[in-house]
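Heads up: the structure comes next, in structure tokens.
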Amino acid sequence: MHAGSFSTMPSLSEAFLSHPVHLHHKLPDLNSLQELPDTYAWTQHDDDHHHTSYPNSNPFPAVGESTVPVIDLNDPNATKLIGHACKSWGVFQVVNHGVPMSLFNEIQRVGQALFSLPLHHKLKAARSPDGVSGYGRARISSFFPKLMWSECFTIFESPLEHFLQLWPQDHSKYCDIVVQYEEAMRKLAGKLMCLVLASLGISNKDLKWAGPRGEFNEACAALHLNSYPSCPDPDRAMGLAPHTDSTLLTILYQNNISGLQVLREGAGWVTVPPTPGGLVVNMGDLLHILSNGLYRSVLHRVLVNRTQQRFSVAYLYGPPANVQISPHVKLIGPSRPALYRPVTWNEYLGTKAKHFNKALSLVQLCASINSLPQNHSVQVG
Ligand code: OGA
Ligand code: NI
């Protein structure tokens with residue numbers, strides 16, 4: 001398969017466009033609020049959406065390490081360590097990943113410049129009601145009864161159009177940094193995909209869409225610049241509500257302020273502490289499907305704090321929008337049937353936009369599998 005073969009397929013942004021998530025509330029200026037409005041005050045049940053069921057996978061034995069594994073990509077054992085982390089956590093941090101610290105500082109400067117503009121100015125780059133890129137709330141906002149204490153700027157490929165609105169003079173220096181960052185993430189994501197696949201006993205050559213040299217040139221991606229302003233009442237606020245990503249994998253840069261938490265069964269919400277120069281890598285729903293449930297897409301959320309603004313950049317990485325993703329043949333067999341039906345990213349985004357955290361169970365093949373003992377060698381039928 002070569003680069004031209006996907007040219008008639010919709011791009012990822014078109015896929016998002018065909019499944020708009022409607023955002024019903026007007027954005028206030030979070031930085032000017034002295035008190036938490038009721039619409040932002042979460043109670044225990046407001047995030048109930050996270051009751052996702054995971055078929056036939058590890059029950060997360062609450063044993064072993066209680067912090068998200070940090071993996072050195074130069075470690076000769078990296079593949080094995082990644083496999084273990086994916087199986088037991090669905091998330092890990094990487095260091096020695098080859099992305100220079102200066103790039104994180106630069107992308108953070110872009111975010112800082114962007115989010116510190118006055119609200120009316122930011123709204124010049126607002127996501128249109130049915131649009132996908134630009135400034136606005138988190139896309140998942142419409143699934144929850146309460147609002148989230150965050151702002152998000154979504155980028156597909158080039159931010160030029162919106163950056164021209166924000167910075168008529170200076171747009172090109174900001175654009176260059178974003179493009180450089182995307183380039184670095186694309187490279188790293190390809191490398192991580194190879195490692196994750198290798199840990200499953202799959203070669204990137206076993207995936208048609210990875211290309212002849214397994215370089216994943218046709219992969220699609222989006223970038224989220226997220227800002228979580230300091231909050232007058234952090235205990236009742238939610239930065240980003242519990243969700244899984246619809247990606248294969250997501251690479252997250254968080255500045256030195258904590259807030260990200262992942263759900264670990266048996267242990268509850270576990271904070272992912274910022275690691276200098278480190279990146280958080282979490283499995284998404286499509287990798288969960290591809291791995292036939294062996295590597296679960298991890299549920300995560302973001303909390304806010306009273307004094308410091310938190311900033312993060314999420315690189316959302318997936319296959320070409322119209323390529324079918326299904327449990328890999330090497331991972332299915334008589335004792336472990338395919339748990340999910342084939343689905344394209346495009347179609348999956350549609351299911352997610354409608355059913356949110358239930359989307360994964362809706363592409364599940366055999367609902368009764370839930371009641372089976374949670375063991376990989378279980379016999380079915
Ligand atoms: C996301 C996300 C986490 C963070 O953008 O999907 O989960 O720390 N972000 O901002
Ligand atoms: Ni996420």
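Order of listing sets the numbers, starting from 1, for every ligand and every atom in it.
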Within His224, is some N, O or S atom less than 2.8 Å away from the Ni ion (ligand 2)? no

List ligand 1's nitrogen or oxygen atoms that come under 3.5 Å of a protein nitrogen or oxygen, with the partner atom and distance.
from	atom 1	to	atom 2	distance (Å)
ligand 1	5 (O)	His224	ND1	3.1
ligand 1	5 (O)	Asn226	ND2	3.3
ligand 1	6 (O)	His243	NE2	3.2
ligand 1	6 (O)	Asp245	OD1	3.4
ligand 1	7 (O)	His243	NE2	3.2
ligand 1	7 (O)	His300	NE2	2.9
ligand 1	8 (O)	Arg310	NH1	3.0
ligand 1	8 (O)	Arg310	NH2	2.9
ligand 1	10 (O)	Asn226	ND2	3.3
ligand 1	10 (O)	Tyr228	OH	2.6
ligand 1	10 (O)	Ser312	OG	2.6

For Leu200 and Ser291, which heavy atoms make the closest approach, and how far apart are they? CD1-CB, 3.9 Å

Just give me the atom name: the N, O or S atom of Asp245 closest to the Ni ion (ligand 2). OD1

Sub-3.5 Å donor-acceptor pair from the side chain of Arg127 to the main-chain atoms of Thr154, do we have one? no

Write out all pairs satisfying ring pair (Phe, Tyr, Trp, His ring centres under 6.0 Å) with one or both partners inside residues 299-338, taking only residues at least two apart or from two chains. His243-His300

If you look at His243, which of its N/O/S atoms is nearest to the Ni ion (ligand 2)? NE2

Hydrogens and angles aside, do Asp285 and Thr244 bring a side-chain donor and acceptor to less than 3.5 Å of each other? yes

Hey, does His162 have a side-chain heavy atom less than 4.5 Å from the side chain of Ser133? yes

For the residue pair Tyr340 and His288, is the inter-centroid distance of their aromatic rings smaller than 6.0 Å? yes

May I ask you to check whether His97 and Tyr253 place their ring centres under 6.0 Å from each other? no

